[in-house]
Amino acid sequence: MNRKKIALLTSLTIFSGTNIPFNNSVNNQSINIIKAAQRKKSSKVESKYPDIMKKLDITSMQQYDSNMLFMGVTLNKFYIKDFSTNKSGKTSLLLAPLNTSDQYFVASTKLDHKVKKNQRITIQGFLNGKTKINAKQNFNKKYLNKSAVSVLIDHISY
């Protein structure tokens, strides 16, 4: 055998002895890049508006000082307990995390969709401290003077 044939056989023997998954590494690499891009996108949104359930114990908001309740949050699929629209077209919303909950969140904004009681809505915005529900908000009288947390709305999903 000449040198070229020996070199060729030696290289084929070495090459066949190693198991290099070329196709899988290319696929895995692209999958990892896609996953990294997805994580980056979702973490940016979550860092600005994290889910309120992960940040605070919403079953007992009275435990928090009003000064602590200034942060960006997402109220994810909260129930509209009551709402009213004033003469200028602004709608005040009374929200609760559960349909049976007595922990309330109050928000006011101009809506581009019609809403109804017990509808679920997602709001991204900023908590603006504690407040009391008053007669000016035109909610049902049973909610009058109840404690609530004020929310300044940045984005609404119906």
Side-chain angles (χ1 to χ4, degrees), residues 19-158:
N19 188 7
I20 302 173
F22 286 106
N23 292 339
N24 289 342
S25 66
V26 171
N27 287 342
N28 288 339
Q29 202 172 33
S30 64
I31 289 171
N32 289 337
I33 291 169
I34 291 169
K35 285 181 182 177
Q38 289 172 345
R39 284 189 200 126
K40 184 177 180 182
K41 182 179 178 183
S42 64
S43 65
K44 184 177 179 182
V45 171
E46 286 179 14
S47 66
K48 187 171 181 183
Y49 299 111
D51 189 356
I52 193 170
M53 304 280 199
K54 294 178 183 174
K55 290 288 186 184
L56 302 170
D57 177 16
I58 62 167
T59 59
S60 175
M61 294 296 283
Q62 302 308 330
Q63 69 182 331
Y64 300 109
D65 184 53
S66 191
N67 294 332
M68 281 198 59
L69 297 176
F70 289 95
M71 63 180 73
V73 293
T74 298
L75 305 178
N76 194 17
K77 296 183 180 176
F78 276 42
Y79 286 90
I80 298 175
K81 298 298 282 181
D82 201 3
F83 65 93
S84 66
T85 305
N86 64 17
K87 292 176 185 176
S88 66
K90 247 185 167 180
T91 302
S92 295
L93 299 168
L94 182 66
L95 306 167
L98 300 171
N99 203 12
T100 57
S101 176
D102 62 352
Q103 180 56 59
Y104 302 112
F105 294 82
V106 176
S108 182
T109 189
K110 285 197 173 212
L111 296 176
D112 55 354
H113 284 81
K114 292 200 177 228
V115 293
K116 49 188 172 176
K117 290 182 182 178
N118 295 321
Q119 176 183 344
R120 297 181 95 178
I121 191 169
T122 297
I123 293 178
Q124 292 178 326
F126 293 91
L127 297 182
N128 196 27
K130 293 180 184 180
T131 188
K132 292 266 186 196
I133 299 170
N134 59 42
K136 285 183 178 181
Q137 294 165 318
N138 292 325
F139 293 133
N140 191 324
K141 291 187 186 330
K142 70 181 179 181
Y143 300 115
L144 193 60
N145 294 323
K146 299 273 184 172
S147 295
V149 176
S150 177
V151 181
L152 301 174
I153 298 174
D154 277 348
H155 180 73
I156 297 178
S157 302
Y158 299 94

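Side chains are part of it too, since the values below use all heavy atoms of this structure and drop only hydrogens, waters and symmetry mates.
You'll find the side chain of Lys146 stays beyond 4.5 Å of the side chain of Leu94, heavy atoms only.
Here Ile80 contributes atom CD1 and Gln119 contributes atom CD; the two are 4.5 Å apart, rounded to the nearest 0.5 Å. The structure places OG1 of Thr91 at 7.5 Å from CG of Asn86, a figure rounded to the nearest 0.5 Å. Gln103 CD to Ser147 OG: the interatomic distance, rounded to the nearest 0.5 Å, is 8.0 Å. Distance NZ/Lys81 to CG/Leu98: 9.0 Å, rounded to 0.5 Å. Within the model, atoms CD1 of Ile153 and CD of Gln124 stand 11.0 Å from one another, a figure rounded to the nearest 0.5 Å. Separation of atoms OG1 (Thr74) and NZ (Lys54) is listed at 9.5 Å; rounding is to 0.5 Å.
Between Ile133 and Ala148, the shortest heavy-atom distance links the atoms CG1-CB, 4.1 Å. Shortest non-hydrogen contact noted between Ala135 and Leu144 is N-CD1, 3.4 Å.
Screening residues 124-145 for salt bridge (Lys or Arg N to Asp or Glu O under 4.0 Å), with sequence neighbours left out, gives no hits. For residues 65-89, the set of pairs meeting the ring pair (Phe, Tyr, Trp, His ring centres under 6.0 Å) definition, not counting sequence neighbours, comprises Phe78-Phe105. Residue pairs satisfying the ring pair (Phe, Tyr, Trp, His ring centres under 6.0 Å) criterion with at least one member in residues 136-156, sequence neighbours excluded, are listed as follows: Tyr104-Tyr143.
In the displayed structure, Met68 atom CE is contacted under 6.0 Å by at most 12 heavy atoms of other residues, nucleotides or ligands.
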Go through Leu56 and Leu127 one step at a time and tell me if the side-chain contact (heavy atoms from CB on, under 4.5 Å) criterion holds.
CA-CA 11 Å; Leu56 302 170; Leu127 297 182; 3.7 Å; yes

Step by step, work out the side chain to side chain donor-acceptor pair (under 3.5 Å) result for Thr122 and Asn76.
CA-CA 5 Å; Thr122 297; Asn76 194 17; 3.3 Å; yes

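The side-chain hydrogen bond (donor to acceptor under 3.5 Å, both in side chains) test applied to Ser66 returns no partner, not counting sequence neighbours. The ring pair (Phe, Tyr, Trp, His ring centres under 6.0 Å) test applied to Phe126 returns Tyr49, not counting sequence neighbours. For Asp65, the side-chain hydrogen bond (donor to acceptor under 3.5 Å, both in side chains) test picks out Asn67, with sequence neighbours left out. Considering only residues two or more places apart in sequence or on other chains, Thr59 meets the side-chain hydrogen bond (donor to acceptor under 3.5 Å, both in side chains) condition with Asp57. Considering only residues two or more places apart in sequence or on other chains, Asn134 meets the side-chain hydrogen bond (donor to acceptor under 3.5 Å, both in side chains) condition with none of them.
Between the side chain of Asp82 and the backbone N or O of Asn140, at least one donor-acceptor pair lies under 3.5 Å.
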Listing, residues 106-118 side-chain donor-acceptor contacts under 3.5 Å, not counting sequence neighbours, or none:
unit_1, atom_1, unit_2, atom_2, d
Lys110, NZ, Ser88, O, 3.2
Asp112, OD1, Tyr158, OH, 3.2

